[in-house]
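Each remark here refers to the structure printed beneath this line.
A, B, ... follow the sequence lines: proteins, then strands. Residue 1 opens every chain. Bear in mind the structure is a predicted one, so any value in this text is a computation, not a measurement.
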Number of protein chains: 2
Amino acid sequence: MVTVRQDVHSTGIPVLCQSCEARHRGVCGALDPDQLVGLAKTSSKHTIEPGVELIGDAETVDSYSNVLSGVVKLTKSLSDGRQQIVGLQFAPDFLGRPFKVESAINAEAATAVSLCSFPRASVERMMRESPELEHRLLKQTLNELDEARDWMVTLGRKTAAEKVASFLLMIARNIDPTLDPNTNSTSFELPLTRADIADFLGLTIETVSRQLTRLRTDSVIRIDNNRHVTVDSLARLASRSGA
Amino acid sequence: MVTVRQDVHSTGIPVLCQSCEARHRGVCGALDPDQLVGLAKTSSKHTIEPGVELIGDAETVDSYSNVLSGVVKLTKSLSDGRQQIVGLQFAPDFLGRPFKVESAINAEAATAVSLCSFPRASVERMMRESPELEHRLLKQTLNELDEARDWMVTLGRKTAAEKVASFLLMIARNIDPTLDPNTNSTSFELPLTRADIADFLGLTIETVSRQLTRLRTDSVIRIDNNRHVTVDSLARLASRSGA
DNA sequence: CGTGAAATTGAGTGTCGTCAAAACCAGTGG
DNA sequence: CCACTGGTTTTGACGACACTCAATTTCACG
């Protein structure tokens, strides 16, 4: 299912897009130079501070974005304030819900985030013109659906200890996609606070903290400055994730 | 976002498809009579008994299907046997995971199910020829993603009582999509056993049963023959679903 | 009826949530 | 350099909700 992309001389490609990851691994790879030029005219780059809300619940969405760096958390809330993170978006994910005027979820910068944003209308016109763009979007959506279903298993059937281990594994793999299970050691910055991790795993802050210290006292991981995690034995971490 | 479908005289449409719901509300609506004829040649209808496995975990998928009636449950399991239902498919949902040779989930008939199946290759050729087909698929996938995320909130943040109430509401709405919250009474057959409901909600059979009897003793619902549920006060059920 | 499976009910336990206090950390200003 | 502040994280004591194990009842089907 690999299609060879015609490699035109890069003069036709907007400067903005030249080295953009979204053009290589993201949805923009679907577009030819002319289309890129058209879209780039209406696009704009932003950097966003952690904690800032990108899309509010029940707000009308007037733009779509590509995540260029950082982590965006997608959340849903119950009326009494209980919150659940229902997805995390990393570069070069496409951010936004096509074919719906109202968003049913919140999007918030979990870390510092940089975005490339497009007006709603431009993207939708482009989608009508380019089936390849819809194709990429379909692929990303299917991947997100797979991820969501994996997390449903975690949320519904795993213990607190397994949830935290699974979370650490997921982050480790996302930071370093080439990570193979035989290496025993990795190291990374947690993109989420304890509160976020709790909201992601359907737990309380205290339980997350307790499970992390348990992993630490069992010397499966080390933690420095609350955020920096070193996994000493990836295999032992995996064995605690409930498969 | 309503597109007017050209209503060709029905002589061009295969008999098999004439009154098929998948042509009206499902993905087949994307196809013109010629394409329908092509696809119908390779399609076949099946009826399947409850409990029969349609797609096994880690099996190679060689066909796609439309659900014509009944309910299909999508499940995922942990190595020690714990199971989680990650999706339910009703008519006229499209069943199958495009662009992946291996399925990571199990599909099993929850009730008696009738399917219209197509060889993998036919569907994939059709997808290449018809952007409209991919468009419909994208829409269904986005809807499934929305549903999955809704259930993540239920799994992660709701109490057992709220989970069961949410489940009953979801089924009621699916049986009768026109159901408005002001009507106080509906009645339907549960398409799932208690064990299935437990796997869907991340609970045990016993807890599901206890919550159902509580709803019954509080006269929010009535239950006949284990399967037939009558909701006496939809509003009261909704108020217990945690919003 | 009689049988086996599914569902309900009960008693006891454990995991995780709640509430509260202490420790830690980063940043600010004396 | 140190004290102070606000926020985050950790730790502890306790309790409740949901799980486990077990017995009973109900249901579907021969």
Side-chain angles (χ1 to χ4, degrees), chain A residues 49-51 73 78 80-84 108 110-112 154-168 189-218 221-229 240 242, chain B residues 49-51 73 78 80-84 108 110-112 154-168 189-218 221-229 240 242:
Chain A
E49 293 302 299
K73 55 179 183 175
L78 299 178
D80 63 359
R82 281 174 289 175
Q83 202 174 50
Q84 176 68 44
E108 187 182 319
T111 64
T154 303
L155 288 172
R157 289 305 187 194
K158 290 190 185 172
T159 64
E162 292 170 334
K163 285 181 178 181
V164 171
S166 303
F167 171 76
L168 291 177
E189 295 292 316
L190 285 178
L192 302 184
T193 65
R194 301 291 188 273
D196 285 338
I197 299 174
D199 281 350
F200 190 63
L201 298 175
L203 299 170
T204 58
I205 311 180
E206 294 93 326
T207 302
V208 171
S209 179
R210 276 185 251 271
Q211 296 303 333
L212 283 173
T213 51
R214 205 151 91 73
L215 286 173
R216 201 180 38 197
T217 58
D218 295 0
I221 62 172
R222 272 173 293 158
I223 303 180
D224 303 304
N225 299 332
N226 281 340
R227 287 289 192 120
H228 190 85
V229 175
R240 291 173 181 231
Chain B
E49 293 302 298
K73 55 178 183 179
L78 300 178
D80 63 0
R82 281 174 288 175
Q83 202 175 50
Q84 176 67 43
E108 186 181 320
T111 64
T154 302
L155 289 171
R157 288 305 187 193
K158 290 190 186 173
T159 64
E162 291 170 335
K163 285 180 178 181
V164 171
S166 304
F167 171 75
L168 291 178
E189 295 291 316
L190 284 178
L192 302 184
T193 64
R194 300 292 187 273
D196 285 338
I197 299 174
D199 281 349
F200 190 64
L201 297 176
L203 299 171
T204 58
I205 309 181
E206 295 94 326
T207 302
V208 170
S209 179
R210 276 185 250 273
Q211 295 304 332
L212 283 173
T213 50
R214 207 151 89 74
L215 285 173
R216 201 179 38 196
T217 57
D218 294 0
I221 62 172
R222 270 173 294 158
I223 304 180
D224 303 304
N225 300 334
N226 281 341
R227 287 290 191 118
H228 190 84
V229 174
R240 290 173 181 232

**Request:** Describe, as an angle rounded to 10 degrees, how the axis at the first end of the helix from dC1(C)-dG30(D) to dG30(C)-dC1(D) is tilted relative to the axis at the last end, five pairs per end.
**Result:**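 Both end axes considered, the difference amounts to 30°.
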Close side-chain approach of [X] and [Y], heavy atoms under 4.5 Å:
| X | Y | answer |
| --- | --- | --- |
| Leu168(A) | Leu212(A) | yes |
| Leu192(B) | Phe167(B) | yes |
| Asp218(A) | Arg240(A) | yes |
| Arg194(B) | Asn226(B) | yes |

**Prompt:** Can we say Lys73(B) and Asp199(B) salt-bridge, meaning some charged N sits less than 4.0 Å from an Asp/Glu carboxylate O?
**Reply:**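 Salt bridge flag = no for Asp199(B) with Lys73(B).
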**Prompt:** What does nucleotides 18-30 of chain D look like as a protein-contact string, B for base, S for sugar-phosphate only, - for none, at under 4.0 angstrom between heavy atoms?
**Reply:** SSBBB----SS--
**Item:** Sugar-phosphate, base or nothing in reach of Arg214(B), heavy atoms under 4.0 Å
**Value:**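 It contacts nothing in the nucleic acid.
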**Message:** Mind checking if Ser209(A) touches a base, just sugar-phosphate, or nothing, with heavy atoms under 4.0 Å?
**Reply:**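 If one applies the 4.0 Å heavy-atom cut-off, Ser209(A) turns out to touch a base.
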**Complete:** The side-chain contact (heavy atoms from CB on, under 4.5 Å) partner of Leu190(A) among Thr111(A), Ile223(A), Ile197(A) is Ile197(A)
**Complete:** The side chain to side chain contact (heavy atoms under 4.5 Å, CB included) partners of Ser209(B) (sequence neighbours excluded) come to none
**Prompt:** Of all residues at least two apart in sequence or in a different chain, which pass the side chain to side chain donor-acceptor pair (under 3.5 Å) check with Arg214(A)?
**Reply:**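 Once residues adjacent in sequence are excluded, Arg214(A) has no partner under the side chain to side chain donor-acceptor pair (under 3.5 Å) criterion.
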Show me the side-chain donor-acceptor pairs of residues 158-166 of chain B shorter than 3.5 Å, one per line, residues at least two apart or across chains.
{"residue": "Lys158(B)", "atom": "NZ", "partner": "Ser166(B)", "partner atom": "OG", "Å": "3.0"}
{"residue": "Lys158(B)", "atom": "NZ", "partner": "Ser241(B)", "partner atom": "O", "Å": "3.0"}
{"residue": "Thr159(B)", "atom": "OG1", "partner": "Glu162(B)", "partner atom": "N", "Å": "3.3"}
{"residue": "Thr159(B)", "atom": "OG1", "partner": "Glu162(B)", "partner atom": "OE1", "Å": "3.4"}
{"residue": "Glu162(B)", "atom": "OE1", "partner": "Arg82(A)", "partner atom": "NH1", "Å": "2.8"}
{"residue": "Glu162(B)", "atom": "OE1", "partner": "Arg82(A)", "partner atom": "NH2", "Å": "3.4"}
{"residue": "Glu162(B)", "atom": "OE1", "partner": "Thr159(B)", "partner atom": "N", "Å": "3.0"}
{"residue": "Glu162(B)", "atom": "OE2", "partner": "Arg82(A)", "partner atom": "NH2", "Å": "2.9"}
{"residue": "Lys163(B)", "atom": "NZ", "partner": "Leu201(B)", "partner atom": "O", "Å": "3.0"}
{"residue": "Ser166(B)", "atom": "OG", "partner": "Glu162(B)", "partner atom": "O", "Å": "2.7"}
{"residue": "Ser166(B)", "atom": "OG", "partner": "Ser241(B)", "partner atom": "O", "Å": "3.2"}

**Request:** Considering only heavy atoms of chain B and a distance under 4.0 Å, specify the first and last nucleotide of DNA chain C in 5' to 3' order that meet this criterion.
**Result:** dA7(C) to dA11(C)
